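Data first, discussion second: the structure below is written as structure tokens.
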Amino acid sequence: MRIVVLTGAGISAESGVPTFRDADGLWEGHRVEDVATPEAFAWQPELVHAFYDLRRAALATVEPNPAHRALARLEEHLGDDLTLVTQNIDDLHERAGSRDVVHMHGELRSALCTTCGARSPHTASLADEPPCPGCATPTLRPDVVWFGEVPYELGRIERALETADRFVSIGTSGAVYPAAGFVQVARAAGARTLELNLEPSEGTDFFHEARHGRAGELVPAWVDQVLEDTLAGR
Ligand code: BV8
């Protein structure tokens, strides 16, 4: 059984990582779109560095939750038959034990050189412009995909969607593309589609089934059910 799982900010909410559309959806009085764009970085790099340095530092104050751990357990059983795609830039899937995580929007603990294009592990601040480990030029930016930029690994993701038996979306509002369109691609290819979210997402009508509640409860229960199904050959 080949499964594609897509996660969003909602899976990390119970770990204490703020989601994007929290109450005001604003960050320090800024529209997220105003700090997560290449234009914003060109115009006010210090503000953008402060935005990501703060989120990178906050990773040390949070832990994976039962939803992250359940997906790591699922990977143990399914191996390559599971493709775990996340829109999140936190490292909680990996810290829960998932080994193969497709970060389609990049990672907080990585830096991207705007001179040589190298991507390098980075845990400290970028505001003080450290040199690129590749070309030594002080032109590192957060290795995240900003609005207007092409997400990572779209080819691998599309191949997995086109051969999936099941597509499951967890903790995402379905507001940002191309991720929000994956359910339609998977469904058109014959996959059974399921939404696990606190509330109906913008794309909830595209799913065969939707279960609404907290990921920390819904995801472990769903993983138990899948493992039963696979053991029973269903
Ligand atoms: C691109 C990294 C060209 C940075 C991010 C088509 C139509 C309209 C617009 C577009 C379109 N195509 C492209 C666009 C433009 C744009 C876009 O979609 N704009 C939106 C605003 C309309 N898309 C782009 O610019 C993309 N690039 O299109 O390039 C292209 C593309 C493909 C092929 C060729 C060319 C790039 C978008 C990526 C931007 N970067 N993140 C950073 O993190 O700072 S996006 C960022 O926002 C996240 O990664 C995520 O994707 C999105 C936030 O959404 P969610 O994760 O869903 O979080 P949210 O807070 O919204 O919702 C949380 C949900 O969880 C809620 O539903 C809530 O109920 C639920 N929840 C809460 N608690 C719990 C819970 N659920 C369960 N349990 C809980 N406890």
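None of these values were measured; they are calculated from a predicted model. Atoms within each ligand, like the ligands themselves, are counted from 1 in listed order.
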Using a strict 4.0 Å threshold on nitrogen-to-oxygen distance, state whether [X] and [Y] make a salt bridge.
X      : Y      : answer
Arg214 : Glu217 : yes
Arg56  : Asp90  : no
Arg166 : Asp229 : yes
Glu63  : Arg95  : yes

Hey, which atoms in ligand 1 end up nearer than 4.0 Å to a heavy atom of Ala13?
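Answer for ligand 1: 73 (N).
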Using a 4.0 Å cutoff against the non-hydrogen atoms of Gly8, which atoms of ligand 1 qualify?
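Those of ligand 1 that fall under 4.0 Å from Gly8 are 56 (O).
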Heavy-atom contacts under 4.0 Å between [X] and ligand 1: side chain, backbone, both, or neither?
X      : answer
Thr172 : both
Leu154 : side chain
Ser201 : neither
Ala9   : both
Arg55  : side chain

Check this for me - ligand 1, [X], N or O atoms closer than 3.5 angstrom, yes or no?
X      : value
Ala215 : yes
Gly174 : no
His105 : yes
Pro178 : no

Between Ile170 and Leu92, is there a shared hydrophobic cluster once you connect ILVMFWY residues whose side-chain heavy atoms come closer than 4.5 Å?
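Ile170 and Leu92: separate clusters.
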[options]: member with heavy atom nearest to [atom]:
atom                    : options                       : result
atom 46 (C) of ligand 1 : Tyr177, Tyr52, Phe20          : Phe20
atom 3 (C) of ligand 1  : Asn197, Leu218, Asn88, Val150 : Val150
atom 1 (C) of ligand 1  : Arg211, Glu149, Gln87, Glu158 : Glu149
atom 76 (N) of ligand 1 : Val35, Leu198, Thr37          : Leu198

Is the closest heavy atom of [X] to ligand 1 under 4.0 Å?
X      : answer
Ala179 : no
Gly213 : yes
Met104 : no

Treating Asp91 as the side-chain partner and Arg109 as the backbone partner, does any N or O pair qualify as donor plus acceptor under 3.5 Å?
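Answer holds: no.
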Measure across Ala215 and Pro220 and return the closest heavy-atom pair with its distance rounded to 0.1 Å.
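Closest approach of Ala215 to Pro220: O-CD, 3.5 Å.
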Do Val102 and Thr86 touch side chain to side chain, with heavy atoms closer than 4.5 Å?
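Val102 does not reach Thr86 side chain to side chain.
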For the residue pair Trp146 and Tyr52, categorise the inter-ring angle as parallel (less than 30°), tilted (30 to 60°) or perpendicular (more than 60°).
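Tilted: the ring planes of Trp146 and Tyr52 meet at 30° to 60°.
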